[in-house]
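These notes are about the structure you will find just below.
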2 protein chains.
Amino acid sequence: MTVARTARDRARQEITAEILAAGRAQLHRTGPSELSLRAVARDVGMVSSAVYRYFASRDELLTALIIAAYDELGAAAEAADEAVEDRTDHLARWQATCRATREWSVAHPHDYALIYGSPVPGYAAPQDTVMPATRVIVRLVEIIVGAHASGHTSGAAAPPAGAVDPSPVVADAMAFIAEHSDISLEALPELVMRTLMAWSTIFGTLSFELFGHLKGSVSDYESYFEQTTLRLAGDLGLA
Amino acid sequence: MTVARTARDRARQEITAEILAAGRAQLHRTGPSELSLRAVARDVGMVSSAVYRYFASRDELLTALIIAAYDELGAAAEAADEAVEDRTDHLARWQATCRATREWSVAHPHDYALIYGSPVPGYAAPQDTVMPATRVIVRLVEIIVGAHASGHTSGAAAPPAGAVDPSPVVADAMAFIAEHSDISLEALPELVMRTLMAWSTIFGTLSFELFGHLKGSVSDYESYFEQTTLRLAGDLGLA
DNA sequence: ACAATGCAAGAGCAATGCTCTCGTTTGTTG
DNA sequence: CAACAAACGAGAGCATTGCTCTTGCATTGT
């Protein structure tokens with residue numbers, strides 16, 4: 001956060017925040033594709049053209065909202081993990097992190113759709129969004145690798161017959177982790193593979209729930225999710 | 001398909017199909033939320049108001065396109081399964097069905113986003129869409145249950161310690177299968193639970209791939225998907 | 001042959017994203 | 001302190017959207 005020097009700078013920051021908040025509020029009422037820059041302008045008592053002094057386009061406003069959503073979700077997940085007192089109970093940490101992810105998602109379905117739903121066409125996520133987007137999965141990786149490093153594991157799911165060495169497939173993911181964190185996961189490609197799968201399962205399940213694909217198949221979404229993440233933890237060898 | 005009796009009926013069916021095709025084509029160029037009824041009208045050489053004789057609203061056009069997409073995907077998956085000659089090789093059938101699902105999805109990303117992305121706000125999927133939507137998962141269930149019924153299985157993943165009986169959680173799904181198919185899966189709640197999870201993983205993975213969430217983590221999407229479904233098959237006990 | 005119906009066209013409404021041009025306010029520089 | 005440049009808010013305007021309504025024309029079944 002840069003310090004606001006002049007009064008104008010301060011006003012600019014404030015108004016920018018106001019616009020973002022109004023956009024946020026409108027997002028909760030309508031939905032990503034329905035977000036109207038004019039309506040946001042009305043909410044903050046400005047004329048539509050004035051908003052363009054702060055955001056060059058509707059997409060730029062969306063990008064800011066996307067980053068905010070990623071950060072909020074990431075913070076919620078991290079906080080839930082850190083609230084677990086026994087830091088060696090990796091299963092509890094895993095479940096808490098997953099649970100917080102779901103709770104934030106069902107509490108903010110429109111924000112969830114904004115970041116995990118279909119991208120708005122023609123909109124390419126700028127680089128600013130990638131770091132906030134990784135917070136949840138990075139935390140999950142930390143928990144899993146931490147468990148394996150400290151030996152708090154039971155047997156993880158073994159690769160089935162016919163499976164090839166997943167090293168080349170997950171090489172990029174391993175490189176990313178190696179670069180952006182101090183976690184060491186050399187010689188654990190199968191675990192990384194399973195972690196990616198679990199990650200996909202978690203958000204696939206949430207998307208299914210929030211987008212209505214589980215209607216008719218599952219009634220108690222919370223229990224279903226809980227049982228799902230529990231089995232994923234088992235597959236990952238979390239004791 | 002009802003037989004077109006009068007010339008007027010025939011023209012109506014033809015024009016309806018033309019509108020749908022134009023909508024389809026436009027969808028491939030832009031995206032669900034960008035689909036413009038006026039542009040579709042222009043494509044088929046009509047004025048926008050004329051289209052309303054065939055579809056009461058933009059949402060109704062979208063619904064028709066959604067059903068078409070579900071049916072196309074379902075048909076592709078079923079055809080891939082049926083192309084496997086050895087009907088007892090349930091693993092091959094599973095992999096073929098999954099592979100076809102992905103192939104259709106990457107070939108039709110916009111149609112995929114239409115059915116598995118964020119729903120358009122205020123739009124509630126009408127009842128007509130639910131049966132076509134179930135074709136893929138029903139086929140997957142058939143393969144899995146068929147394998148278990150005929151004994152072509154190795155050990156499926158066991159529920160981890162602390163897991164509760166998933167029966168109540170998956171009761172609705174079992175009731176649905178019992179009603180809409182002749183598959184018998186009594187006393188297999190854990191398998192149903194794992195099947196739902198695998199289903200979520202498959203489409204979670206596809207959503208991640210198509211919506212750009214795997215960028216930077218996976219480079220060879222095809223191999224990654226293949227290895228993913230292979231492990232899911234293992235978890236489901238497919239030999 | 002005729003009345004009823006189906007249909008396409010056009011005008012029109014409210015709303016959208018975005019651009020451009022105005023004065024006005026603000027901050028910096030000579 | 002004065003002058004200039006940059007930032008700013010307001011308003012008008014453009015092209016576009018989904019949708020409604022009315023008006024005629026063509027097709028249909030009797």
**OP:** Quick one, give me the B/S/- string for nucleotides 11-21 of chain C, reading 5' to 3', where B means a protein heavy atom under 4.0 Å from the base and S means that only happens at the primed atoms, P, OP1 or OP2.
**Re:** -B---BBBBB-
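Remark: B/Glu14 engages no residue in a side chain to side chain contact (heavy atoms under 4.5 Å, CB included) (not counting sequence neighbours). For B/Asp220, there are no salt bridge (charged side-chain N to carboxylate O under 4.0 Å, His left out) partners two or more places apart in sequence or in a different chain. Under the ring-ring contact (aromatic ring centres under 6.0 Å, His included) criterion, B/Phe176 pairs with B/His180, not counting sequence neighbours. Looking at residues two or more places apart in sequence or on another chain, you find a ring-ring contact (aromatic ring centres under 6.0 Å, His included) between B/Tyr112 and B/Tyr116.
Atom CG of A/Asp9 is separated from atom C1' of C/dT25 by 15 Å (rounded to the nearest Å). Atom CE of B/Met46 is separated from atom C1' of C/dA8 by 8 Å (rounded to the nearest Å). Following rounding to the nearest Å, B/Gln26 (CD) and D/dT17 (C1') show an atom-to-atom distance of 12 Å. One interatomic measurement links the two molecules: CZ of A/Arg10 to C1' of C/dT26, which rounds to 13 Å at whole-angstrom precision. Atom CD of B/Glu14 and atom P of C/dG6 are 19 Å apart (whole Å).
Within 4.0 Å of B/Ile15, counting heavy atoms only, lie sugar-phosphate atoms of the nucleic acid but no base atom. When heavy atoms are screened at a 4.0 angstrom cut-off, A/Phe55 is found touching no nucleic acid atom at all.
Ranking D/dA7, C/dA9, D/dA10 by closeness to the A/Arg12 side chain, first place goes to D/dA7.
Residue pairs meeting the ring-ring contact (aromatic ring centres under 6.0 Å, His included) criterion with at least one member in residues 16-67 of chain A, sequence neighbours excluded, are A/His28-A/His108.
Using a 3.5 Å distance cut-off with no hydrogens or angles, the side chains of B/Ser200 and A/Thr201 do not pair a donor with an acceptor.
Applying the 4.0 Å criterion to OP1 and OP2 of C/dA8, one finds that B/Tyr54 has a side-chain N or O inside that range.
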